[in-house]
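For reference, the structure is listed below as structure tokens.
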Amino acid sequence: MAIKIGVVQQSDGWSVHVADYYSDPEERDLSRVSAWISFAVDRGVHDLTIRVSIAEAWRESLIRLPQSILTCKSLVKLRLDSDFFFDIPDSMCFPSLKIFHITIVHPDANLMQKLFSSCRVLEDLSICSSDIDFNDYLLTFDIHVPTLKRLNIQQDLIKYFSGGVRFGGVSKHKYVITARNLEYLCIQDDTLASVVVNERPLLNVVDLTVGASCWLEREVSRGEAKRVMELLKGINLTKILSLAPSTMEYLGLAFDDDMPTFPNLIRLELSIEGYFGWKLLPNFLERSPNLEVLIIKMDYLRASVPEDFVNLESDNVPSCLKLRVKKIEIRDMFGLEDDELEAVRYMLRNCEVLKEFYVCGRSPNFENFVDSVLCRCLSRDVQDFYLDCTIISDDELSRVVPWISSAVERKVRNLNIKVDIDWYGDWLVRLPQSILTCSSLVELSILSDFIFDIPDSVVCFPSLKLLGISIKHPDGVLMQKLFSNCPVLEDLSIYGSKFDNEEVVTFNIKVPTLKMLRIWLGMDYCSSKGVSKHKFVVTARNLEYLHIDDYTLSSFLVNERPFLDVASLNVSVLSLINEMDELEVNRVMELLRGIDCTKTLSLTSCTMDLIGWAINDNMPTFTNLIHLELGIKACFGWKLLPHFLDSSPNLEVLILQMDHKTKCTLDSFVPFESENVPSCLRLHIKEIEIINMKEKYDEPKLVNYLLRNSEVLEKLLVNIANSKSKKYLQRQILKYSRGSAACEIEFI
């Protein structure tokens with residue numbers, strides 16, 4: 001007998017996990033398992049997991065659980081991954097149980113009738129019938145639980161036995177669900193069991209994967225297939241419905257113009273067999289009057305088109321298409337058949353309030369399908385256009401421009417372009433010139449290297465307010481002219497991945513209207529060339545938010561000292577400090593001087609390292625700064641903190657994020673020293689937070705200093721990283737004298 005027991009004491013009780021693996025039938029003693037469980041129950045168990053694997057010779061043995069488990073008031077979560085039984089009394093059982101997960105192979109019929117209805121406060125139930133003996137007898141799972149909110153049912157089809165694997169037939173078992181407060185229902189049933197849902201609960205989400213015809217011993221009869229339709233009638237008040245391919249196949253077999261109405265349905269996900277046709281889609285649309293989102297996933301399991309293929313046809317346009325549907329997605333479409341193009345045309349032609357239409361293809365001929373959609377189906381204006389493709393030839397690359405031009409001609413408002421080049425070489429995607437003068441374009445995202453010509457005499461991007469670009473090989477001339485030619489731009493994001501240009505590129509960001517600027521610059525770690533040669537010149541007097549993630553130590557020059565609300569800097573470099581010249585080391589300090597009017601400033605520990613090397617009594621004054629967050633490598637000490645406090649006269653909130661990852665000697669440690677108490681401590685700082693504190697490198701002394709000299713401090717928050725010294729440090733901090741009588745100390 002191999003035994004594994006895990007016991008964990010939690011703040012709200014005990015968590016117990018019992019695993020017992022029998023290797024020799026002679027050692028079998030199931031009564032011991034009951035005793036172990038009783039031990040946990042007697043000690044107020046909160047979370048109980050039981051998993052007992054029994055040797056093959058005793059495979060059909062059931063584990064008798066102790067009766068005391070039924071009245072355990074502390075038990076909130078129970079997981080039974082073994083066959084079990086116990087006697088259910090007429091009175092209420094499991095008075096506090098809210099989460100119940102069971103896995104069964106040889107269920108006790110009487111227990112399945114009574115167990116779940118005895119759980120009066122149950123909210124989350126999962127039933128996994130694995131390797132169940134479904135051909136031998138009828139079993140009813142009676143799930144009568146008014147408090148139930150989530151229900152997962154999983155019933156596998158495959159039968160394992162000593163001679164190998166066989167596939168079973170349609171299940172005789174039945175699930176009767178009576179749960180008026182049910183919000184989530186997920187059924188994965190390979191056996192096509194009968195599921196009856198009473199009281200038509202107001203569900204939020206239903207996900208049905210019912211039946212697996214490829215594994216059944218025989219074909220399913222129409223009467224058996226109607227079980228899926230009956231299930232659908234019980235869940236017709238759901239808001240979200242997802243149906244897998246097998247579910248749709250059986251619904252098609254059972255359909256007899258008896259589809260229920262789905263009055264609350266707003267999102268529908270259907271899997272449609274590409275070679276079987278569109279038989280059910282019109283019926284779902286006609287019976288879903290409030291549908292807003294339609295997602296279709298195409299499947300192509302059959303080798304040829306059957307004689308009963310059904311095109312997408314509907315005598316009357318469903319009201320949801322005309323009045324409600326705002327988004328349609330079609331995934332994994334081959335785009336090889338005329339009926340697919342007709343289906344797309346039908347949807348685009350009849351969806352009068354459609355905002356998003358997404359088609360994802362996966363065939364070599366899919367670009368021809370895209371051409372047909374844009375030329376033959378899309379006859380009205382487009383609000384959002386997303387192009388995401390992988391190009392493997394020059395011919396395919398040449399098609400990108402007409403696709404984008406088609407969107408521009410249809411007055412696109414939000415344009416997203418991502419073109420991956422799937423062959424060796426560095427290629428720029430040339431965008432159509434018409435994009436420059438598109439008056440409808442408000443948001444533009446280009447996640448590929450690109451190029452176009454910017455004329456001197458034309459106002460470009462007259463309405464563009466949001467621009468995001470991702471580039472690896474920036475064109476120097478374009479980066480000089482692009483941003484300053486966006487007269488109303490408010491939000492700009494630049495993502496530079498693996499810059500390796502030999503030439504120096506200057507990003508000239510001269511945009512008076514700009515409010516938000518994000519710059520992320522990455523380096524190829526395998527071919528790093530050290531400090532970047534590139535330069536960013538920011539002239540944006542109305543800038544409110546600046547975030548820079550730069551792993552290349554590029555040069556940043558911020559002109560006009562904008563009155564920022566937030567500035568966040570994470571700047572580092574792979575090169576060693578002693579390999580850099582003085583100008584390169586001072587780049588971070590120059591950036592800091594350009595943003596000294598910010599209200600909120602956040603600096604990572606890597607950024608602080610670079611500032612520490614560059615500082616020479618030249619720290620700027622932050623007259624508007626009220627919120628300061630610093631990352632500090634604990635072993636290097638407090639060299640910069642006094643400088644920031646002295647230079648921030650109006651600071652109100654100070655957050656110190658301690659970084660203990662770097663190893664170094666005490667020779668490099670700089671203790672906290674300040675001849676005069678900074679005025680912000682005496683007059684303004686109201687909140688201090690120290691994160692990841694440890695009992696070393698002078699950290700307790702710093703806390704003492706801050707508490708003693710902060711005369712208007714209202715709250716000190718301390719997060720202690722080392723659990724061994726946590727209680728000791730807490731006691732020490734509580735003993736420190738406080739300069740503010742109103743100060744409260746909280747450990748988080």
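- At least one side-chain heavy atom of L707 sits under 4.5 Å from a side-chain heavy atom of L716.
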Could you walk me through whether M589 and N618 pass side chain to side chain contact (heavy atoms under 4.5 Å, CB included), step by step? CA-CA 8 Å; M589 190 59 73; N618 55 351; 4.0 Å; yes
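- Proximity of N264 to T238: side-chain heavy atoms (C-beta onward) are nowhere separated by under 4.5 Å.
- I688 places a side-chain heavy atom less than 4.5 Å from the side chain of L713.
- Side chain of T607 to backbone of L603: no donor-acceptor contact under 3.5 angstrom is found.
- Using cut-offs of 30° and 60° for the angle between ring planes, the F100 and F94 rings count as tilted.
- Checking side-chain atoms of R738 against main-chain N and O of C743 turns up a donor-acceptor pair under 3.5 Å.
- The distance from the CG atom of L521 to the CD1 atom of I471 is 8.5 Å, given to the nearest 0.5 Å.
- Here the CD1 atom belonging to I691 is positioned 12.0 Å from the CG atom belonging to D659, to the nearest 0.5 angstrom.
- The only member of L543, T539, L514, V558 that meets side chain to side chain contact (heavy atoms under 4.5 Å, CB included) when paired with I509 is L514.
- One distance of note links CG of L717 with CD of E687; it measures 5.0 Å at 0.5 Å rounding.
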Which is it for F116 and I102 under the side chain to side chain contact (heavy atoms under 4.5 Å, CB included) test, yes or no, and what are the steps along the way? CA-CA 11 Å; F116 308 111; I102 65 170; 3.8 Å; yes
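- Sparse packing is recorded around NZ of K510, with 12 or fewer heavy atoms of other residues, nucleotides or ligands lying under 6.0 Å away.
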Given the rule in the salt bridge (charged side-chain N to carboxylate O under 4.0 Å, His left out) test, do K701 and E699 qualify, once you have shown the distances and angles that lead to the verdict? CA-CA 5 Å; K701 291 183 180 179; E699 293 175 39; over 6 Å; no
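- In this structure, the side chains of I615 and H643 come closer than 4.5 Å at one or more pairs of heavy atoms.
- Side-chain atoms of N650 never come within 3.5 Å of backbone atoms of N624 as a donor-acceptor pair (strictly under, hydrogens ignored).
- Counting heavy atoms from C-beta outward, L75 and V41 have side chains that stay 4.5 Å or more apart.
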Test side-chain hydrogen bond (donor to acceptor under 3.5 Å, both in side chains) applied to S554 and H534, step by step: CA-CA 6 Å; S554 296; H534 303 317; over 6 Å; no
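- The shortest distance between side-chain heavy atoms of D47 and V76 does not fall below 4.5 Å.
- Listed for the E711 side chain is no donor-acceptor partner under 3.5 Å among the backbone atoms of S740.
- One N or O on the side chain of N719 and one on the backbone of I748 form a donor-acceptor pair closer than 3.5 Å.
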Could you walk me through whether Y545 and D565 pass the side chain to side chain contact (heavy atoms under 4.5 Å, CB included) check? CA-CA 6 Å; Y545 176 89; D565 290 330; over 6 Å; no
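- In this structure, K327 pairs ionically with E329, as a charged nitrogen and a carboxylate oxygen lie closer than 4.0 Å.
- In this structure, F536 and F507 have parallel ring planes: the angle between them is below the 30° cut-off, well short of the 60° mark.
- The residues D124 and K77 are annotated as not salt-bridged, no charged nitrogen and carboxylate oxygen being separated by less than 4.0 angstrom.
- Residues E590 and R587 are not paired through a salt bridge, judged by the lack of any N-O separation under 4.0 Å between the basic side chain and the carboxylate.
- Rounded to the nearest 0.5 angstrom, R267 CZ and E269 CD are separated by 4.5 Å.
- Under a 3.5 Å cut-off, the side chain of K639 and the backbone N or O of G612 do form a donor-acceptor pair.
- The CZ atom of R413 sits 5.5 Å away from the CD atom of E443 when rounded to the nearest 0.5 Å.
- Using a 4.5 Å heavy-atom cutoff, the side chains of I720 and Q730 are in contact.
- Residues L203 and L237 fail the side-chain proximity criterion, which asks for heavy atoms closer than 4.5 Å.
- N704 places no side-chain N or O within 3.5 Å of a backbone atom of P700 that could act as its donor or acceptor partner.
- Geometrically, R43 engages F39 in a cation-pi contact, judged by NZ or CZ lying under 6.0 Å from the ring centre and within 45° of the ring axis.
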Start with the C-alpha distance between L654 and L645, add both sets of side-chain angles, then the distance that settles side chain to side chain contact (heavy atoms under 4.5 Å, CB included), and finish with yes or no. CA-CA 9 Å; L654 174 64; L645 293 178; 4.2 Å; yes
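- Counting only N and O atoms by type, the side chains of D550 and T552 include a donor and acceptor under 3.5 Å apart.
- Inspection of the S493 and R518 side chains reveals an N or O donor paired with an N or O acceptor under 3.5 Å.
- Side-chain atoms of T506 do not come within 3.5 Å of backbone N or O of K535 as any donor-acceptor pair.
- Formation of a donor-acceptor pair under 3.5 Å by the S572 side chain with backbone atoms of C606 is not found in this model.
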Stepwise, does the side-chain hydrogen bond (donor to acceptor under 3.5 Å, both in side chains) test hold for Y184 with D207? CA-CA 8 Å; Y184 174 88; D207 187 349; 5.3 Å; no
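- Q732 CD: more than 12 foreign heavy atoms inside a 6.0 Å radius.
- Counting only distance, with no hydrogens or angles, the side chain of D596 and the backbone of P620 share no donor-acceptor pair below 3.5 Å.
- In this structure, a donor-acceptor pair under 3.5 Å is absent between the side chains of S74 and H46.
- Interatomic distance, CG of L591 versus CG of L569, reported as 5.0 Å (0.5 Å rounding).
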